[in-house]
Amino acid sequence: MASSHMQILSLFLLLLAASSPGAVLAAGDYGGDDHSLTRIHLYVHETLAPAANVTFAFVAPSPLGASSSFGSIIVVDHELRAGRDRSSQLLGRYQSLMVGTSLGTTGGKYLTSIALVFTAGEHAGSTLSVAGLLVASKGVAFERAVVGGTGKFRLARGYSLTTIIGNPTPETGLFEVELFVLMHHGKKY
């Protein structure tokens, strides 16, 4: 009887080890020199006014009223730029869908799905997909997962740190984004 428990425990530990990220990276096409970690530093420029140029929209308010974010929907199409200055190189768009997921009344929490669409620079023609929970607080970096991409970012994974910098003018918002992306350089899939 004890031996069958040991076999089950051994099988469980073997399966656990095989499913860990380290085991996946060490196996087959995913290991060794086929990957590199790339750091990408960008700025997201948001336009708050005038109304004709706004780069976000509250599509649906929370059905629970103004004191809740639950069920609210926001869409975003901000500028992705190389620097803090609005005149820095335009690299693409930061497009997002955000859905309020917090039933609480203290601060909004949003589930986000983001596409970084690169139209210029070294990553032109590629996209990165980022997903995760947004709990915004000025000056504090919040982390979300890089879950994939297209073009140069095919099979990418990693994480994103976004910091709210503030409002350079009453009409604009500014965010700093640092991406740490593990990129696959092996055979094309």
Side-chain angles (χ1 to χ4, degrees), residues 38-121 123-124 126-151 153 156-182:
T38 300
R39 180 180 176 265
I40 303 169
H41 190 209
L42 306 163
Y43 292 88
V44 175
H45 292 261
E46 174 181 49
T47 302
L48 306 169
N53 298 326
V54 169
T55 59
F56 72 95
F58 289 93
V59 177
S62 170
L64 302 180
S67 64
S68 176
S69 66
F70 182 77
S72 61
I73 299 173
I74 302 169
V75 292
V76 167
D77 188 13
H78 298 322
E79 294 178 344
L80 200 53
R81 294 194 172 269
R84 287 176 175 242
D85 192 283
R86 195 76 185 229
S87 64
S88 65
Q89 181 185 10
L90 179 64
L91 298 174
R93 307 300 294 186
Y94 179 98
Q95 299 174 330
S96 178
L97 175 65
M98 297 185 270
V99 178
T101 56
S102 176
L103 282 171
T105 57
T106 56
K109 293 185 179 104
Y110 292 88
L111 184 61
T112 61
S113 176
I114 301 162
L116 301 174
V117 182
F118 294 94
T119 58
H123 306 299
S126 299
T127 66
L128 273 172
S129 296
V130 177
L133 192 62
L134 165 63
V135 182
S137 183
K138 187 175 179 181
V140 176
F142 45 94
E143 182 175 337
R144 289 178 281 197
V146 172
V147 295
T150 65
F153 297 117
R157 60 186 183 271
Y159 66 98
S160 164
L161 297 174
T162 303
T163 304
I164 301 170
I165 294 176
N167 300 88
T169 70
E171 296 84 25
T172 62
L174 183 63
F175 305 86
E176 181 177 29
V177 178
E178 289 185 277
L179 297 145
F180 299 88
V181 182
L182 190 60

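Fair warning: this is a prediction, and the values are worked out from it, not measured in the lab.
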Looking only at non-hydrogen atoms, find the nearest pair between [X] and [Y] and report the distance.
X	Y	answer
Leu97	Val75	CD1-CG1, 3.7 Å
Val147	Val130	CG2-N, 4.5 Å
Tyr43	Ala82	CD1-O, 3.7 Å
Thr172	Arg86	CG2-NH1, 3.0 Å
Gly166	Pro168	O-CD, 3.5 Å

Enumerate the residue pairs fulfilling ring-ring contact (aromatic ring centres under 6.0 Å, His included) with a member in residues 55-76, sequence neighbours excluded, ordered by first and then second residue.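 ring-ring contact (aromatic ring centres under 6.0 Å, His included) check on residues 55-76 returns Phe56-Phe58.
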Any residue meeting side-chain contact (heavy atoms from CB on, under 4.5 Å) with Asp85, in chain and number order, not counting sequence neighbours: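 With sequence neighbours excluded, Asp85 shows a side-chain contact (heavy atoms from CB on, under 4.5 Å) to Ser87, given in chain and number order.
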Decide yes or no for Glu171 and Thr47: does some side-chain heavy atom of the first lie under 4.5 Å from some side-chain heavy atom of the second?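 No, side chains not in contact.
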So do the side chains of Leu90 and Glu79 get within less than 4.5 Å of each other, counting heavy atoms only?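 Answer yes - side chains close enough.
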For Glu178, give me all partners under salt bridge (charged side-chain N to carboxylate O under 4.0 Å, His left out), at least two apart in sequence or on another chain.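 Scan of Glu178 (salt bridge (charged side-chain N to carboxylate O under 4.0 Å, His left out), adjacent residues dropped) gives Arg39.
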Can you name the ring-ring contact (aromatic ring centres under 6.0 Å, His included) partners of Tyr94, sequence neighbours left out?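 Checked Tyr94 against ring-ring contact (aromatic ring centres under 6.0 Å, His included); zero matches.
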If a pair satisfies side chain to side chain donor-acceptor pair (under 3.5 Å) and one of its residues is in residues 50-61, list it, with sequence neighbours excluded.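 Listed by first then second residue: Thr55-His78.
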Under the side-chain hydrogen bond (donor to acceptor under 3.5 Å, both in side chains) test, which residues partner Thr150, sequence neighbours left out?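 Partners of Thr150 by the side-chain hydrogen bond (donor to acceptor under 3.5 Å, both in side chains) criterion, ordered by chain and then number, come out as Thr127.
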